[in-house]
Amino acid sequence: MTSTDVRDEAEDSGPSGYAAARLRLLTEGARSGPPRRAALSGLTDDWLAGLFTAAAPGLRGASLIAVGGYGRGELSPRSDLDLVLLHDGSDPEAVAALADRLWYPVWDLGLALDHSVRTPAEARRTAGEDLKVQLGLLDARHLAGDLGLTAALRTTVLADWRNQAPRRLPELQELCAERAERQGELQYLLEPDLKEARGGLRDATALRAVAASWLADAPREGLDDARRRLLDVRDALHLATGRATDRLALQEQDQVAAELGLLDADTLLRQVYEAARVISYASDVTWREVSRVLRSRSVRPKLRAMLGGGKPVAERSPLAEGVVEQDGEAVLARAARPERDPVLPLRAAAAAAQAGLPLSLHAVRRLAATVRPLPTPWPAEAREQLVTLLGSGRPTVEVWEALEAEGLISRLLPDWERVRCRPQRNAVHVWTVDRHLIETAVRASEFTRRVSRPDLLLVAALLHDIGKGWPGDHSVAGEIIAQDVAARIGFDRADSAVLAALVRHHLLLVETATRRDLDDPATVALVARAVGTESTLELLHALTEADALATGPAAWSSWRGSLVADLVRRVSAVLAGDVPEDAPATAAAVVTAEQERLALESVATGGPVLALRAQTEPPAGDTAEAPEGPEPLGVELLIAVPDQPGVLPAVAGVLAVHRLTVRTAELRALELPDGVEGSVLLLDWRVAAEYGSLPQAARLRADLVRALDGSLDIAARLAERDAAYPRRRGVVAPPPRVTVHPAASRHATVIEVRAQDAPGLLFRIGRALEDAGVRMRSAHVSTLGANAVDAFYVTGPEGDPLPGEEAVAVARKLEETLRG
């Protein structure tokens, strides 16, 4: 039977004919989705128009209007009929009688009805008072009666909405936020409300309302498909349950999946989550644009008054190479060339997250459309930027979602596709697999001061459940994937093995601590053999806690934490006992010919001598094996300078003034050849320019000479530069941590600093140690993502290690300085 036949049957037979035609339409197996919703809306239109005509053949000044979902032609099997009987007020009694003849047949068929009877003035006034009424009227559609009356109301309501948008849109945004707080996020719920949860059908309707205001518009790509998918699921849910429900309960998911022809309930949930993610991201972008437009409207008149007219130019301030801040977003710089810079997506994402800013939609789309794939293995900068992004805390989530919305994450990490939007049917888990991995990285960023390799911790957090997209034990599958991913993104073999071990054993500590007898030496020995080293144990402990905290409130407690900590203490003791007491701490450093040449020149001139050596790419077609170890990042800076106080803060300060980021650094006293008098400090550092190109070596040397003789006030220069740029909220990093390792060296006191990397950090550390009156034998600096992990070997004035209490006091003072 065709749609025309169904409508003819409904019109010929009255209410009973409509009911039969409706039942036939809903049970047709060949028709579903938008065609069925459109057919059901059309069938209902014809029936109600027939009722209207029969009930008031001569009545003028009245019309019947569909609003809300029915007005959009999106009738699901158990949807309410949202109707407004509009009249001009000339014959209230006739309108009341007409209403009875319209509403009662609907009720008699058991259909849900949301109805009202209003004049245009009443409808307009009610819309002004009740936002939900106004939203419904934005989708008003004429069914029967006076078409001019309906058209006039539509025109008036739309005009009111556009005129009042600056006031009503913030109200609508607040309404959406309150609903999200009550209902949760559709893309993560095991029993989601398809309509009310964040990312559901209500939010899709809100986006239509924003577009109708002409103030802003939502990203269109994928939005209609996402709405259609949620509507299809709701249709199937109504048919499977026979009820007007929007909650996709667990016990009904298999039946709904079968109704839609899907493989199983997990496939159903994944499609729902993907649709919700599109709507949620579109909502975030749209509301951000609304806020920007409203903010610019409020500021523009003031600027015009101050500047005497003209259009104000948006302020842009640099964030990283190729990335600037504009209007509260991270955008691409005008000179950025994504097609020539494959690291730019990660650099832009890291810069945005570190500044606590969203990554603009235009920037992400341009990157997705033009950027070249990263080579394998990744260049060192790409790996560092990924670590920086993962270590940025809560802002990581929004930036990651922006990259994922345009497919950039799956292009960077192809294995991500298997866990994307994957549900976890476990009451303990509150997130999908992919969001749980990001949440674990967010939690792990709080523990970066507890470990010596925060980069390995953060990447392990990202990958620990990556095996859940594969059959079998996800830890075993994840170990293989993690090994492959680690090599692809540029970690060396040793680091890749550690990452694989962390993924393989990420449940070992908590399962052993809660299920085994810790007093049994065999239990502790088993864990010690699996972990292997104290540094891996340190990482595994932090990963265990981050994983549990990211799982949900039921997965971690002080009791579990104390059991795991007890197990870690016991395993650490076993691992420490396996190391011979007389093992040397470090190997003697090798002096190269170039280092010796610089040292001799420094002795001869009595001043600093330096050399900048850029990292060169291997020649095209070179098939030689890459050297073992991570690829260097930036360029090598060698400095030889006569041994004197203040070398570390002077060099670090000059580099900070020239906007050079220190990635790694070594400082040590150099043994000179026999017969050469004097003492020389050698600094072998790896540096990278924040923006633009490197300064000339001659300029660096000239400023270093001035810094050493005191004529260059570095602190004032850095403060002056900081004051020139607006303060950003940025990430809330864990506080710095300064510790003393008394057993790490027999010849010096080792002070370790773990802190958030920032311009001038090493200058502040060096100056604080100088102010403490200690001598520096050597320094070992590394920057891992946004985390600095630095070790300083210091002595007293006579060259001996610091007494215990004095060492602790120096560390405490340094920590207070860095916190201030």
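All of these numbers come straight from a predicted model, not from anything done at the bench.
Distance alone, capped at 3.5 Å, places no donor-acceptor pair between the Arg443 side chain and the Ala461 backbone. At distances below 3.5 Å, not a single donor-acceptor pair connects side-chain atoms of Arg316 with backbone N or O atoms of Gln326. Remark: the backbone N or O of Cys421 is paired with a side-chain donor or acceptor of Asp434 at under 3.5 angstrom. Judged purely by atom type and a 3.5 angstrom limit, Glu196 has no side-chain atom pairing as donor or acceptor with the backbone of Arg179. Trp161 places a side-chain N or O within donor-acceptor distance of the main-chain N or O of Ala209, the cut-off being under 3.5 Å. Put simply, the side chain of Glu384 gets close to the backbone of Gly785: a donor and an acceptor are under 3.5 Å apart. Using modelled atom types, one side-chain atom of Arg383 and one backbone atom of Gly490 make a donor-acceptor pair closer than 3.5 Å. Tyr188 places no side-chain N or O within donor-acceptor distance of the main-chain N or O of Tyr273, the cut-off being under 3.5 Å. Ser782 places a side-chain N or O within 3.5 Å of a backbone atom of Val789 that can act as its donor or acceptor partner. Asp547 places no side-chain N or O within 3.5 Å of a backbone atom of Leu543 that could act as its donor or acceptor partner.
A donor and an acceptor atom, one from each side chain of Gln756 and Gln354, are located under 3.5 Å apart. For the 3.5 Å distance criterion, the side chains of Ser283 and Asp203 fail to qualify, holding no donor opposite an acceptor.
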Please table the atom pairs, donor to acceptor, closer than 3.5 Å between any side-chain atom in residues 482-489 and protein atoms at least two apart or in another chain.
residue: Asp484; atom: OD2; partner: Arg488; partner atom: NH2; Å: 2.6
residue: Arg488; atom: NH2; partner: Asp415; partner atom: OD2; Å: 3.2

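We find that Arg347 and Glu321 are not joined by a salt bridge, their nearest charged nitrogen and carboxylate oxygen being 4.0 Å or further apart. Between Arg198 and Asp284, at least one side-chain N (NZ, or NE/NH1/NH2) sits under 4.0 Å from a carboxylate O, which counts as a salt bridge. Taking the charged nitrogens against the carboxylate oxygens, Glu329 and Arg288 do have a contact shorter than 4.0 Å, which makes a salt bridge. Arg168 and Glu171 are joined by a salt bridge, as a carboxylate oxygen and a charged side-chain nitrogen come within less than 4.0 angstrom of each other. For the pair Glu74 and Arg234, the salt-bridge criterion is not met [side-chain N within less than 4.0 Å of a carboxylate O]. Between Asp193 and Lys195, none of the side-chain N atoms (NZ, or NE/NH1/NH2) sits under 4.0 Å from a carboxylate O, so this pair counts as no salt bridge. Salt bridge annotation for Arg411-Glu404: absent, with no cationic side-chain nitrogen under 4.0 angstrom from a carboxylate oxygen. Between Asp465 and Arg422 there is no salt bridge, since none of the side-chain N atoms of the basic residue sits less than 4.0 Å from a carboxylate O of the acidic one. Note on Glu417 versus Arg420: salt bridge recorded, some NZ/NE/NH1/NH2 to OD/OE distance being below 4.0 Å.
Note that the CZ atom of Arg277 and the CZ atom of Arg435 stand 8.5 Å from one another [nearest 0.5 Å].
Within a 6.0 Å radius of CZ in Arg717, no more than 12 heavy atoms belonging to other residues, nucleotides or ligands are found. When the shell of 6.0 Å around CZ of Arg167 is examined, it contains more than 12 heavy atoms from other residues, nucleotides or ligands. A 6.0 Å sphere centred on CD of Glu339 holds more than 12 heavy atoms belonging to other residues, nucleotides or ligands. Within 6.0 Å of the CD atom in Glu178, the count of heavy atoms belonging to other residues, nucleotides or ligands exceeds 12.
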